Every structure is written in C-alpha cells, then in structure tokens.
Number of protein chains: 2
Amino acid sequence: MTGREASKPYHHNDLRSALLEAAVGLIEETGADSLTLRSVAKRVGVSHTAPYRHFADLSELTAAVAAEGFHKLSAEFHPVRTDADIDPAQRLVELGVAYVRFAMKHPAHFRVMFREHQNKPDWLEEASQNAFQALLDTVSEGQAAGALAGTEAHEIAIPAWSIVHGLSALLVDGPRDKFMPEGAPFTEAGLALARSTVETFLHGAAAPRDSR
Amino acid sequence: MTGREASKPYHHNDLRSALLEAAVGLIEETGADSLTLRSVAKRVGVSHTAPYRHFADLSELTAAVAAEGFHKLSAEFHPVRTDADIDPAQRLVELGVAYVRFAMKHPAHFRVMFREHQNKPDWLEEASQNAFQALLDTVSEGQAAGALAGTEAHEIAIPAWSIVHGLSALLVDGPRDKFMPEGAPFTEAGLALARSTVETFLHGAAAPRDSR
DNA sequence: TACAAAAGTTTCCAGTGTCAACATCCAGGA
DNA sequence: TCCTGGATGTTGACACTGGAAACTTTTGTA
C-alpha cells in the first residue's frame, strides 16, 4: 500500500557510486562552486537527504570525488611506470604527459583534487600521497640511472610536478585561446603542448651554450 | 529620530574597499568556499544587502578580489622588469620568484585568481592578460638577447608560467610538510624552493651530458 | 533651497545543508 | 517460517544563504 508505481525499488543498491558519478557530471556542467547536495540527489532521483547514508556531508562527497581522481591519476601513471622499453629520462616526460592527459580527460576530478578541503580525510591524503610517490620513484630511478640531474628525488620531482600541474591548471581553467591554435582539437593540442613543455623542462629553457 | 547612537555614519564612504579587504580576510581565515556575502557584510558592520550597491553579486565580488590580485602580481613584477642590472636569463628567474612570493604573501587572492569564474568580467580578463604579457615580454627580450632558447615567446613563457604557477598552487594549498623542512620559516623556505625550481627549469632536469 | 541620484536598510522569498523521526527492505537466527 | 535489527531511504523542520523589492538617509548640484 505504498504510493510507488511499480519499477523503482526502494533501495538503489549502488547509490554511493551513482552519487559520485552525478557529482562529477554536475561539476563538469556547472562548476564545482555551484555543486549542491540536493542537486546531486535530484539527479540520481533520490531524496535530498539520502546522500547522508554514504557521506557525512557535502565536503566529504567532494573529498571522495577528489580521492577517486587521485586513483584515476595513479592508474594513468601505471602503464608508464611499468613499460620497460622507455628510457629513464623519457619516462619522466611520459609521466608528465599522462598527468596532463588525466587533467584534460577528467577536469571535474582535477578541479576538486586541488581545492582546499576543510576536513581532509585520511584516505584522501593517502590517495594523493600515493600518486606523488609514483613520481618520486620515477625520478629516483632516473637519477640512479644517471639520466636525471641531482641526487635527491625532491629536487627534480617538485619542479616536475609543478610544471605539469601548472600547465594542467591553466589548460583546465585558464585562457585556452591564449594557449592553443584556434581550431585544433583540444585534447590533441593540449597533449602536444604537454610534451613540448616537459621536454623544455628536461633540457632547460636557457639557450644552448656549448654543444649542439 | 533615528535609533542610531552617535558616531557611526549612515554612509561608509569607502565601502567597496572595505568589503574587498574583509573578503580577503575571511578567505584567508576560513577558505574561499565558505565565503558568504552576509559574512563579509557583517564583518564590515553593514546590512547584508549593502554590498549590492557595489557588486552585482557574490561572484562579482570574488572576481574583484581576483582582479586586485592580478594587479598586485603585476606590481610585484614591476621592479624586476625595470631593473637594468639583471641579465636577461636571470630576469626570468627573478620574475618566477616574484610570482611565488606574491602567492605566499597573498594566498587568498591567489586562490581566487585561478578559480572558475562563472561570469568573468572584462576587467578581470584584462588584468590577467596584463600580468601574462609582462612574462611574455621578458621572455621575448631574453630570446632577442640570445639568453633564452627558441624564437617564439610562448614556447618558453607557457612552461615558465606553468612551473611557477604549479609550485605556488602546491605551496598555498598543497602538502607543505612534504615540500619543506619542518621548522623552517615558511616564506623563506618557499622562496628558496622557488629559486631552485626556476633555475632547474632554466638549466634543465636532464643530467649534464658534455660540459662541466 | 529643492530634489534626484547614490548609498544603505528592512522585509521577503526560494533554495540549501543538516538534523531528527519515520518508513522500507534485507539477512540471519529462533 | 517468522521476526527482528541494522542498513538504507524518506519526510519534515530549522537556520542560514543569495538575491529582489521597496523603503530611508544622505549628498551633490541646479
């Protein structure tokens, strides 16, 4: 004797995932600022307080999107990390390209990953740490192989992370028209830019002095 | 026959500036997400709709903070741009250091400058363009002087902006403890990191091959 | 001095996050 | 098989928010 008409079950069965997906969609469409818990719930077709069964509050939901982003980023890194055919210096370039590719493929995740999170949960901290560790390891290996400068991984890893992070941020939210040829397909042009940027980083911005 | 007790005048006389200042303070204290128009108004001691006499809506207020940020950034650039004693390659380094210094000195502005702005006003676009132009000019001059690689300013300017922007973003909102020695004073350590990062960018991350 | 525009206030409304109380469903032990 | 408790979802309420409208106070100026 409920008011419901057939089909729709009371339990969603995977509401958590559905909420995350809806949140990502809404962030892509209308920006992270205007994300509301109620709009997420509405998109999934569920009451406006249902999300509280899965997330303590709105900030935890966005934190979950962020963590998902870091996992996707690590996944994007993985093939580069395990391909034995890439030489150590080039591996750093490919890792950087993978970073930018991730940002362009998942702009909503990317935006949320590098926001202030008022109550940063441990699992978010850990997810981000894991991704950074992949970079640190790649750099260490490159240094051990004599292909990268320095002896301390941070010396290279921080500038490297900075440059791809900065480029990604500028590509995702910045003035695209200033950065790229007008008509070019966004992702392709972005990736080409990423590659040349990281290679500039590798070989230096200073004019070549002696060799060539 | 008003209810007011002496002193406080009906007109504030410079409410616009006061609102901007209050907004900056609140962003620093509680983050940009939790900035509310009412809290800004309250801090200034004014009714919650008074800001509408100066800003169309909340997003325009944050856009104004962002524009103010770009002006401060340009001001930070200025001495570097006009100091005749710096050689062209080093000037790029100093410009990068100035960028990071700005970000650390004005974290609230910085955060808001690189957010999505739903209705990006022209004056904001223009302010950001001006700052970027200073970098482009510096690079062009460096290239003309034969100190920087390439012939197209964008080739160097985009990676350069990326690297300092990325470092700044990571310093302002990222995991500081992962980046810096524990006890060190934040700004000094940050600036040292900025300098070494930009110099790495200038000379390349690859291990030196021939010379030395 | 009159008065219109500028600056600030009060009142109101719809939308939001979150809490508390309630309803429904599923799984496992009697 | 029943029945019962926890997990999941809903309804209703509350305080707070952005914003519109209509009002009041002040000030510059003809």
Side-chain angles (χ1 to χ4, degrees), chain A residues 1-23 25-27 29-65 112 115-119 121, chain B residues 1-23 25-27 29-65 112 115-119 121:
Chain A
M1 208 63 79
T2 79
R4 276 180 298 110
E5 340 273 327
S7 58
K8 192 187 161 199
Y10 191 89
H11 287 289
H12 184 287
N13 239 350
D14 196 7
L15 183 55
R16 197 191 139 92
S17 311
L19 289 170
L20 284 175
E21 194 178 340
L26 287 169
I27 292 171
E29 290 163 27
T30 65
D33 287 328
S34 57
L35 184 73
T36 85
L37 206 44
R38 287 166 114 108
S39 68
V40 176
K42 179 178 286 182
R43 168 162 294 203
V44 176
V46 96
S47 80
H48 68 274
T49 55
Y52 284 96
R53 299 296 149 195
H54 301 272
F55 303 99
D57 55 16
L58 177 57
S59 82
E60 192 177 298
L61 187 143
T62 65
V65 172
V112 160
R115 259 176 181 233
E116 292 179 284
H117 292 276
Q118 37 188 21
N119 292 325
Chain B
M1 207 63 77
T2 79
R4 273 181 298 108
E5 340 272 328
S7 58
K8 192 189 161 200
Y10 191 89
H11 288 287
H12 184 287
N13 240 351
D14 197 7
L15 184 54
R16 196 191 140 93
S17 311
L19 289 169
L20 285 175
E21 194 178 339
L26 286 169
I27 293 172
E29 290 163 28
T30 66
D33 286 328
S34 56
L35 184 72
T36 86
L37 207 44
R38 288 166 114 107
S39 68
V40 176
K42 179 179 286 182
R43 169 162 294 204
V44 177
V46 97
S47 79
H48 74 274
T49 54
Y52 286 97
R53 298 295 150 195
H54 301 273
F55 303 99
D57 55 16
L58 178 58
S59 83
E60 191 177 299
L61 187 147
T62 65
V65 172
V112 159
R115 267 185 171 222
E116 292 180 283
H117 293 276
Q118 36 190 23
N119 292 324

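Just the heavy atoms: all of them, side chains too, but no hydrogens, waters or symmetry mates, feed the values below. A, B, ... follow the sequence lines: proteins, then strands. Residue 1 opens every chain. Computed from a predicted structure; not experimentally measured.
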| remark: Sequence neighbours excluded, the answer for side-chain hydrogen bond (donor to acceptor under 3.5 Å, both in side chains) partners of B:Asn119 is none

| query | Tell me: CD of A:Glu60 to P of C:dT18, nearest whole Å? | reply | 11 Å

| request: Calculate the interatomic distance between A:Phe55 atom CZ and D:dA7 atom P; express it in whole Å. | output: 17 Å

| request: Mind checking side chain to side chain contact (heavy atoms under 4.5 Å, CB included) for A:Tyr52 and listing every partner two or more places apart, or none if nothing turns up? | output: A:Leu37, A:Thr49

| Could you state the CG-P distance from A:Leu19 to C:dG17, rounded to the nearest angstrom? | 13 Å

| query | Atom CG of A:Leu61 to atom P of C:dT18: distance rounded to whole Å? | reply | 11 Å

What side-chain donor-acceptor pairs closer than 3.5 Å can you find for residues 58-65 of chain A, not counting sequence neighbours?
from: A:Ser59; atom 1: OG; to: A:Asp57; atom 2: OD1; distance (Å): 3.1
from: A:Thr62; atom 1: OG1; to: A:Ser59; atom 2: O; distance (Å): 3.0

Would you list the protein and nucleotides 18-23 of chain D atom pairs, both N or O, that sit under 3.5 Å from each other?
from: D:dG18; atom 1: OP1; to: B:Leu37; atom 2: N; distance (Å): 2.6
from: D:dG18; atom 1: OP2; to: B:Leu37; atom 2: N; distance (Å): 3.1
from: D:dG18; atom 1: OP2; to: B:Arg38; atom 2: N; distance (Å): 3.0
from: D:dG18; atom 1: N7; to: B:Arg38; atom 2: NH1; distance (Å): 2.4
from: D:dG18; atom 1: O6; to: B:Arg38; atom 2: NH1; distance (Å): 3.2
from: D:dG19; atom 1: OP2; to: B:Tyr52; atom 2: OH; distance (Å): 3.3
from: D:dG19; atom 1: OP2; to: B:Leu58; atom 2: N; distance (Å): 3.1
from: D:dG19; atom 1: O5'; to: B:Tyr52; atom 2: OH; distance (Å): 3.4
from: D:dG19; atom 1: O6; to: B:His48; atom 2: NE2; distance (Å): 2.8
from: D:dA22; atom 1: N6; to: B:Arg53; atom 2: NH2; distance (Å): 3.3

| said: Could you tell me how far apart B:Lys42 (NZ) and C:dG8 (C1') are, to the nearest whole angstrom? | reply: 18 Å

| request: Would you please name every residue forming a side-chain hydrogen bond (donor to acceptor under 3.5 Å, both in side chains) with B:Ser34, sequence neighbours left out? | output: B:Thr30

| query | Does CD belonging to A:Glu21 count more than 12 external heavy atoms closer than 6.0 Å? | reply | no

| Under 4.0 Å between a side-chain N or O of A:His54 and OP1 or OP2 of D:dG9? | yes

| task | Mind checking side chain to side chain contact (heavy atoms under 4.5 Å, CB included) for A:Ser39 and listing every partner two or more places apart, or none if nothing turns up? | result | A:Leu26, A:Thr36

